[in-house]
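Contents: one structure, followed by commentary.
Just follow the structure's listing: the first ligand is 1, and inside any ligand the first atom is 1. The first residue in the sequence is number 1, and the count goes up from there. It should be emphasised that the depicted structure is a prediction, and the values quoted were computed from it without experimental measurement.
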Amino acid sequence: MIALNDIHRMFRSDEVETTALRAIDLEIDEGEFVAVMGPSGCGKSTLLSTLGMIDRPTSGSYVFDGAEVTRMGEAALARMRRDNLGFVFQSFNLIDELTIAENVELGLVYRRWAGKQRKARVEAALDRVGVAHRARHYPHQLSGGQQQRAAIARAIVGEPRLILADEPTGNLDTENGEQVMEILRSLNREGATIVMVTHSPAHADVAKRVVNMLDGRIIVSARRAA
Ligand SMILES: Nc1ncnc2c1ncn2[C@@H]1O[C@H](COP(=O)(O)OP(=O)(O)OP(=O)(O)O)[C@@H](O)[C@H]1O
Ligand SMILES: [Mg+2]
């Protein structure tokens, strides 16, 4: 599904140059569940943004389903993201002024589906993560765990093949973190490919493969025995 080849990402400002990714080679098959670990600043989020086609590498090749992503224009990238990707962030990123259902519907924003079909999809996604009873509430009226589950509903409402999660349990207590991991695990069982950044060894254990990063490089990529 994914092949990164010799990916570099440099950030340049007036005086400093930071290398966030160095010589990254990574292949991910459809259906994998990959955990990305490593110290703060080692490039995990940059790697995820690269996979998510949000951040463009400075050099190297990124092939997704046989297509060279680094050569695509903005419109083609937007289409690729819409059709294939779902994002989950540490800080939920729900919009305060919209209800939970409206937030989840944003996950369908570029899809030309009829209103009725959208509503059904939104309801199914909310139901899936156990917050359907909070559909008409606003984000601040929900607990952190509920907000993150709503954010997952937004990510999966378009039925993405690849889910990118950046420390999805980072702001949650143990119990809510477990619930989020259980949802991710079941999405993976149903076929979604997942790449998740985490600082939690226990949560990384849920993944079938752990990629360890240090200073912009992948230092270990180990598959766990099934
Ligand atoms: N937009 C940017 N401009 C300049 N430097 C950046 C930018 N984004 C990231 N960096 C730098 O790239 C490096 C990798 O950052 P990244 O956010 O990928 O780390 P991370 O592994 O996700 O860290 P954390 O665990 O703290 O989230 C850091 O040194 C960071 O300062
Ligand atoms: Mg990060």
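Across every non-hydrogen atom of Val180 and Pro168, the tightest pair is CG1-CB, 4.3 Å.
Scanning the protein heavy atoms around atom 1 (N) of ligand 1, the nearest turns out to be Phe11 CE2, 3.6 Å. The protein non-hydrogen atom at the shortest distance from atom 31 (O) of ligand 1 is Thr18 CG2, 4.6 Å. Ser40 OG, 2.6 Å is the protein heavy atom nearest to atom 26 (O) of ligand 1. Nearest protein heavy-atom contact of atom 25 (O) of ligand 1 is Lys44 NZ, 2.7 Å.
Protein N/O/S atoms nearer than 2.8 Å to the Mg ion (ligand 2) total 1.
Between Leu162 and Val195 there is a side-chain heavy-atom pair separated by less than 4.5 Å. For the pair Gln148 and Asn176, the minimum side-chain heavy-atom distance is 4.5 Å or more. For the pair Leu142/Arg149, no side-chain contact is recorded, criterion being any heavy-atom separation below 4.5 Å from C-beta on. Counting heavy atoms from C-beta on, the side chains of Leu108 and Val122 come closer than 4.5 Å. Looking at heavy atoms from C-beta onward, Met1 lies in side-chain contact with Arg161 at the 4.5 angstrom threshold. The side-chain heavy atoms of Arg154 and Leu94, taken from C-beta on, include a pair separated by under 4.5 Å. The closest side-chain heavy-atom distance from Tyr62 to Ile2 is below 4.5 Å.
Residue Glu167 approaches ligand 1 through these ligand atoms, each under 4.0 Å from one of its heavy atoms: 25 (O), 27 (O). Close approach of ligand 1 to Ser45 is summarised as follows: ligand atoms under 4.0 Å from at least one heavy atom of the residue are 17 (O), 18 (O), 20 (P), 22 (O), 27 (O). Here is the list of ligand 1 atoms found below 4.0 Å of a heavy atom in Thr46: 14 (C), 15 (O), 16 (P), 18 (O).
Distances shorter than 4.0 angstrom do not occur between any heavy atom of Arg9 and any atom of ligand 1. Residue contact annotation: Cys42 has a non-hydrogen atom under 4.0 Å from ligand 1.
The shortest N or O to N or O distance between Gly41 and ligand 1 is below 3.5 Å.
With a 6.0 Å radius and a threshold of 12 heavy atoms from other residues, nucleotides or ligands, Glu175 has its CD atom at or below the threshold.
Using a cutoff of 4.0 Å between basic side-chain nitrogens and carboxylate oxygens, Glu178 and Arg185 are not scored as salt-bridged.
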* Asked: When you look at Glu74 and Arg56, which way does the salt bridge (Lys or Arg N to Asp or Glu O under 4.0 Å) test go after all the steps?
  -> CA-CA 11 Å; Glu74 285 307 322; Arg56 274 185 193 275; 3.4 Å; yes

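For atom 17 (O) of ligand 1, a protein heavy-atom neighbour is found at a distance under 4.0 Å.
The part of His199 lying near ligand 1 is the side chain, judged by heavy-atom distances below 4.0 Å.
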Show which side-chain atoms of residues 32-52 pair as donor or acceptor with protein atoms under 3.5 Å away, not counting sequence neighbours.
residue, atom, partner, partner atom, Å
Glu32, OE1, Arg209, NE, 3.0
Glu32, OE1, Arg209, NH2, 3.4
Glu32, OE1, Arg223, NH2, 3.3
Glu32, OE2, Asp29, N, 2.8
Glu32, OE2, Arg209, NH2, 2.9
Glu32, OE2, Arg223, NH2, 3.3
Lys44, NZ, Gly38, O, 3.0
Lys44, NZ, Pro39, O, 3.1
Ser45, OG, Asp166, OD2, 2.6
Ser49, OG, Ser45, O, 2.9
Thr50, OG1, Thr46, O, 2.7

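Remark: among candidates Gly43, Pro39, Ala20, the nearest residue to atom 12 (O) of ligand 1 is Ala20, based on non-hydrogen atoms.
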